[in-house]
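What follows is a set of notes on a single structure, which appears directly below.
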There are 2 protein chains.
Amino acid sequence: MGMMRNRPFTDILARLRTAGLRPTRQRLALGKLLFADGNRHVTAEMLHEEAVDNKIQVSLATVYNTLNQFTDAGLLREVVVESGRSYFDTNTSEHHHIFHVDNGALEDLSDDSMRLVELPVLPEGTQLERVDIVIRVRNSN
Amino acid sequence: MGMMRNRPFTDILARLRTAGLRPTRQRLALGKLLFADGNRHVTAEMLHEEAVDNKIQVSLATVYNTLNQFTDAGLLREVVVESGRSYFDTNTSEHHHIFHVDNGALEDLSDDSMRLVELPVLPEGTQLERVDIVIRVRNSN
DNA sequence: GTGTTTGCAAAGTGTTTGCAATTTA
DNA sequence: TAAATTGCAAACACTTTGCAAACAC
């Protein structure tokens, strides 16, 4: 039972080690914020603000670097919904998104609620990297 | 037959008028580049370069402004495939895209080659704005 | 100790904006 | 001539980078 308490932290330590990233104070703290509470979608700005609010001393540049390193290591996935802002998703499995254009909120979509009938024929000499589906919604009032 | 030659230009003049945009030299020239040859996907930078190559005197700022005005007027549609770069599509009907991650090329997908089984249930209080599907491919060698 | 990571500030992208000069109607 | 548009340069938002100081192992 007591072990449960520490699982997130321990988990992150292991994740970083596996990814070949030194578990520095900043990476551990950011990882804790990112992975402790299930699926999250954050921008660098959002995560930095959250870190500051939690009295974690880390620069915005390091947040950017960390998000990119986590993404390269497969711990995060980048989601493109708006030009000029990068979102990072803690859910790296294949799935799609709902994007709220009014407030910039992004949520996962359970994969089974939606699926493509069939993939189109890909252009000659290309291979599929991934299919991105974004359902864009706005407040209906 | 002779009339065919001028159709694109005349068409653009009419489009601009309908959209309430004064048909200035720059807008007409950019519109001609955009709409003369069927469906195109351009960034501001690309269109500006093309204009310069065609001896059309227009500033990059005006290209940006024009692309935004055309988009607001429904003559273009913005497509988000990469954070940090905006693409504009001359095809404003409902359709999806193939994005070549290696070279940044973007192409339309015929709508019938692909379709969603069903839309997910939208969050309470929201309405659908649009569904964006991007098939990301890379060179397979 | 050695190599890695951090933080800052500076530089880099892509895009928007203020305003005087120009153009359109 | 009145109102809209252009072009430039400056400002912007977001992101990356160079390098000295701090840190991990």
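Computed from a predicted structure; not experimentally measured. Below, all heavy atoms of this structure are taken into account, side chains as well, without hydrogens, waters or symmetry copies. A, B, ... follow the sequence lines: proteins, then strands. Residue 1 opens every chain.
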Taking 4.0 Å as the cut-off, does a side-chain nitrogen or oxygen of B:Gln26 come that near to OP1 or OP2 on D:dG7?
yes
Applying the Watson-Crick and G-U criteria (both distances under 3.5 angstrom) with [ ] for crossing and | for other-strand pairs, one obtains for DNA chain D |||||||||||||||||||||||||
Any donor-acceptor pair under 3.5 Å from A:Tyr87 side chain to A:Glu82 backbone
no
Side chains of A:Thr71 and A:Glu78, donor plus acceptor under 3.5 Å:
no
Say whether B:His41 and B:Asp108, considering side chains only, have a donor N or O and an acceptor N or O under 3.5 Å apart.
yes
Could you tell me the separation between the CE atom of B:Met46 and the C1' atom of C:dG14, rounded to a whole number of Å?
15 Å
Just by distance, no angles: are the side chains of B:Ser83 and A:Ser83 close enough, under 3.5 Å, to form a donor-acceptor pair?
no
Value in whole Å for how far the P atom of C:dT24 lies from CG of B:Leu21
15 Å
Starting at atom CD of B:Glu78, determine the distance to atom P of C:dT16, rounded to an integer number of angstrom.
8 Å
Just one of A:Asp72, A:Asp89, A:Asp132 clears the salt bridge (Lys or Arg N to Asp or Glu O under 4.0 Å) bar with A:Arg77, so which one?
A:Asp132
According to a strict under-4.0 Å criterion, is A:Ser59 in side-chain N/O contact with OP1 or OP2 of C:dT6?
no
Can you measure B:Gln69 atom CD to D:dA4 atom P for me and round it to whole angstrom units?
13 Å
Roughly, in whole Å, what's the span from CG in A:Leu28 to C1' in C:dT6?
14 Å
Whole-Å gap separating P (D:dC14) and CD (A:Glu82)
9 Å
Check this for me, if you would: do A:Glu50 and A:Arg40 make a salt bridge, where the nitrogen-to-carboxylate-oxygen distance has to be below 4.0 angstrom?
yes
Across nucleotides 15-25 of chain D, 5' to 3', mark each nucleotide with B, S or - according to how protein heavy atoms within less than 4.0 Å reach it.
BBB-----SBS
